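Working notes for the structure below.
A quick note: this is a predicted structure, and the numbers were derived from the prediction, not measured. Lettering follows sequence order; numbering is per chain, from 1.
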Amino acid sequence: MNTVRGFKDIIYPESFKISEIERISREVFEIFNYKEIRIPTVEYQELFIKSTGETTDIVEKEMYKFEDASKRILALRPEGTPGVARAYINNNLNIKGENTKYFYIGNMFRAERPQAGRFREFEQIGVEYIGTNSAFSDAEVIIMLDTILKKIGIKSYQIEINSIGCFECRKKYREVLIENLKKLELCDLCKQRIERNPLRVLDCKIDKEKFSSIPSIHLCGNCQDHHKTLKELLTKSNVDYKENKLLVRGLDYYTRTVFEFKTAELGSQDAIAAGGRYDDLIKSMGGPNSPSVGWAMGAERILMLCEKENISFKNKPLCFVITADQKYSEYAFELLSSLRNSGIKSDFSSFHQSLKSQMRSANSNGARYALIIGEEEFISNTVTIKDLSTGEQSKKEKDNLIKELLKII
RNA sequence: GUGGUUGUAGCUCAACUGGUUAGAGCAUCCGGUUGUGGCCCGGAAGGUUGCGGGUUCGAGUCCCGUCAGCCACCCCA
C-alpha cells in the first residue's frame with residue numbers, strides 16, 4: 001500500500017539530517033535562552049479560523065478538519081502560532097514571571113497539492129517571542145534564525161523584510177490601495193482580492209510590474225521608528241537583508257514587521273523560513289495585550305537546501321570490530337561492548353563473514369579504525385588496530401586501546 | 001485547488017512502428033589461496049514493467065480508470 005498523497009517516510013540518512021537540523025536549532029535556542037513549548041497536534045477548528053484568518057488559503061482551503069465522535073469540529077494544526085497563543089492565554093504565561101520566549105518543533109498539516117519541498121505533513125521549527133513590542137525582539141528572532149542557518153552551513157538564502165504597519169496604518173492604507181488598484185488592469189484573482197484582502201494583491205506574481213505606480217504604505221510615526229530601529233539593529237549585527245516593499249504575508253494576524261528567508265534553489269518553494277510581528281493576535285483571542293513576534297522554518301526545505309549545497313552530516317562509527325576467525329566472536333563481542341560502554345561509537349557487521357567482507361563493511365560504514373581479533377590477539381590479550389585512512393596497523397593491549405581511543409574523541 | 005507531465009531492479013536509465021525467457025551502469029552479496037578495506041577483475045542475486053480493467057493471436061509499449069511522484073500556477077515553511 002502507498003503512503004497517503006503528500007505524506008512520506010523519512011529514513012536514514014534523511015532522518016539523521018533532520019534531527020541534526022533540530023539539534024543545531026536547539027543549541028541556538030539554548031544560547032538565546034528560548035524555552036521549548038509542546039502544543040497539541042489537534043485543536044478546535046475555530047482556533048485557526050479566528051487566528052490565522054478566515055480568508056487565508058491555509059484555513060479556507062488547506063485545513064484538515066474533521067468531526068470527532070462527540071461532534072466537535074477539530075482540525076490538524078496547519079501552523080504553530082495559534083496553538084502557542086492559545087497556550088499562552090490558557091496557562092497565564094504572562095504572569096509567571098519567566099521570560100516568554102518559546103520554541104517549538106512539530107509537524108503541521110496542509111492539504112495542498114504536493115510538490116518537491118511541499119508536503120501535506122511537514123515539520124516546522126519555530127519561535128514566538130511574546131509580550132513586547134520592542135524592535136529589539138524583532139531583531140533578536142531574525143538574528144537567531146540567521147544564526148541557526150549559518151550554523152547548519154547554509155549559504156544560498158536571502159533575507160527580505162518589510163513593515164506592513166499597525167492596525168491603524170493598515171486601515172488608512174487599505175482605502176488608498178483599493179482606490180489605486182481599481183485603476184489598474186489586473187488578473188482575475190487580483191480583482192477578487194481587491195475587496196477581500198487588498199494587501200495580498202501586492203504579492204501577485206503576474207501583475208508584479210504594474211505596482212510601481214502604487215504608493216507604498218504610509219507608516220505612522222511609531223511604526224516608522226520601529227522599522228528603522230530594526231533595520232539599524234540588523235545592520236549592526238551584520239545580518240545581510242534587503243527591504244522588499246511588496247512583501248506581504250498570507251496570514252491575517254501580522255502587523256508591522258514581516259520577513260522571509262528565501263532561496264533560489266528550491267523552485268517554487270522558495271521560502272525556507274518566514275515570520276513577522278503579530279501585536280494584536282493574543283488580545284483579539286481574549287488574552288492580555290501581548291505584542292509578539294515569531295517565525296517558523298520548514299525542516300524538509302532546510303534539508304533539501306543542505307543537499308543542494310552538499311552539506312554533509314556525518315554519523316559514522318569510530319571503530320569497527322572484526323574477527324579473523326569465527327571462534328573468537330564472543331571475545332570480539334565483549335570488546336565491542338567495552339567500547340560502547342566507554343562511549344565510543346562502534347559497530348560490527350557479522351562475525352560469520354570472511355575477514356575480507358568484514359573489512360569491506362568497515363570501509364563502507366566509514367569507520368576510522370578496524371579492530372581485528374584473531375588467534376594471535378586472543379592468545380596475547382591484544383587487539384590489532386588498523387587506521388583505515390592510512391592503512392597503518394599495530395597491536396595494542398585492550399585496556400590501553402580504549403584509553404587511547406577516548407583521547408581521540 | 002487549476003493546467004501539464006511521468007511511473008520498468010535499491011538508484012539512474014534502455015527495450016525500433018505492440019512480437020520469444022524485459023537489459024545495462026551504479027549499489028548489494030560472494031569470490032580473486034595461508035588473517036586485511038578502498039581501486040581493479042570475476043561471478044551471483046535482484047522485476048507481477050505503480051495498481052485495476054479493456055483492445056489484440058500477442059501489451060512495458062495502445063485505450064480507460066485509479067494511485068503516486070514531478071513541473072508551473074496558486075499558496076506557503
Establish whether the base of B/G38 is bridged to the side chain of A/N363 by a donor-acceptor pair shorter than 3.5 Å.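 Answer is no: no donor-acceptor pair is held.
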Describe the nucleic acid contact of [X] in one word from base, sugar-phosphate, nothing, applying a heavy-atom distance below 4.0 Å.
X      : answer
A/G117 : base
A/Q393 : base
A/G391 : base
A/I272 : sugar-phosphate
A/G6   : sugar-phosphate
A/T390 : nothing
A/I372 : base
A/S354 : sugar-phosphate
A/A362 : nothing
A/Y369 : nothing
A/E377 : base

Please enumerate all residues that pass ring pair (Phe, Tyr, Trp, His ring centres under 6.0 Å) together with A/Y88, with sequence neighbours excluded. none
Can you check the [X] [atom1] to [N] [atom2] distance for me, whole Å?
X      : N     : atom1 : atom2 : result
A/E112 : B/C73 : CD    : P     : 14 Å
A/L355 : B/U34 : CG    : P     : 10 Å
A/M359 : B/G32 : CE    : C1'   : 17 Å
A/Q115 : B/G4  : CD    : P     : 15 Å
A/N2   : B/C67 : CG    : P     : 11 Å
A/E375 : B/U36 : CD    : P     : 15 Å

Between A/T384 and A/E377, is any side-chain donor less than 3.5 angstrom from a side-chain acceptor?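 Yes, because at least one side-chain N or O of A/T384 sits under 3.5 Å from a partner of the opposite role on A/E377.
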Report yes or no: do A/S349 and A/R360 form a side-chain donor-acceptor pair below 3.5 Å? no
Euclidean distance for [atom1], [N] against [M] (whole angstrom):
N     : M     : atom1 : answer
B/A9  : B/A15 : P     : 15 Å
B/C51 : B/A68 : P     : 15 Å
B/C29 : B/G37 : C1'   : 16 Å
B/G4  : B/C11 : P     : 29 Å
B/G53 : B/C39 : P     : 46 Å
B/A59 : B/U48 : C1'   : 14 Å
B/G7  : B/U61 : P     : 11 Å
B/A14 : B/C62 : P     : 14 Å

Runs of at least three consecutive Watson-Crick or G-U pairs, both distances under 3.5 Å, are what I'm after; which ones involve RNA chain B?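 When the pairs of RNA chain B are grouped into runs of at least three, the stems are B:1-7 with B:67-73, B:10-13 with B:23-26, B:28-32 with B:40-44, B:50-54 with B:62-66.
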For the student: nearest non-hydrogen atoms of A/L266 and A/R301, plus distance: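 Answer, listing the atom of A/L266 first, then A/R301: CD2-O, 3.6 Å.
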[N] OP1/OP2 closer than 4.0 Å to side-chain N/O of [X]:
X      : N     : value
A/R5   : B/C67 : no
A/S268 : B/C73 : yes
A/S357 : B/C30 : yes
A/R360 : B/G38 : yes

I want to verify a distance call: between [options], whose nearest atom is closest to the [X] side chain?
X      : options             : answer
A/D270 : B/A77, B/C76, B/G31 : B/C76
A/R113 : B/G3, B/G31, B/C76  : B/G3
A/K356 : B/G35, B/G31, B/C73 : B/G31
A/Q353 : B/G37, B/C74, B/C29 : B/C29
A/A271 : B/G1, B/C29, B/C76  : B/C76
A/P114 : B/U36, B/G31, B/G69 : B/G69
A/E300 : B/A77, B/C74, B/C70 : B/A77
A/E376 : B/G35, B/G38, B/A77 : B/G35

The residue, A/K395 or A/R118, whose nearest nucleotide of RNA chain B is more 5′ is A/K395
Can you work out whether A/F7 or A/Q124 has the more 5'-proximal nearest nucleotide on RNA chain B?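 Its nearest nucleotide lies further toward 5', so the answer is A/F7.
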How are the rings of A/F16 and A/F313 set relative to one another: parallel (under 30°), tilted (30 to 60°) or perpendicular (over 60°)?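 Taking A/F313 first and then A/F16, their aromatic rings stand perpendicular (interplane angle over 60°).
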Among A/L177, A/V176, A/I178, which one satisfies side chain to side chain contact (heavy atoms under 4.5 Å, CB included) with A/R174?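 Running side chain to side chain contact (heavy atoms under 4.5 Å, CB included) over A/L177, A/V176, A/I178 with A/R174 returns exactly one hit, A/I178.
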When the ring centroid of A/Y34 is compared with that of A/F103, is the distance short of 6.0 Å?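 Ring centres of A/F103 and A/Y34 not closer than 6.0 Å.
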Would you say the side chain of A/M304 lies within less than 4.5 Å of the side chain of A/E265, judging by non-hydrogen atoms?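 No, their side chains stay 4.5 Å or more apart.
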Applying ring-ring contact (aromatic ring centres under 6.0 Å, His included) as the test, list every pair that has at least one member in residues 374-409 of chain A; sequence neighbours left out.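 Sorted pair list: A/Y328-A/F378, A/Y331-A/F378.
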Please test A/E260 against A/K262 for salt bridge (Lys or Arg N to Asp or Glu O under 4.0 Å), starting from the C-alpha separation and ending with a verdict. CA-CA 6 Å; A/E260 267 182 30; A/K262 287 186 174 174; 3.8 Å; yes
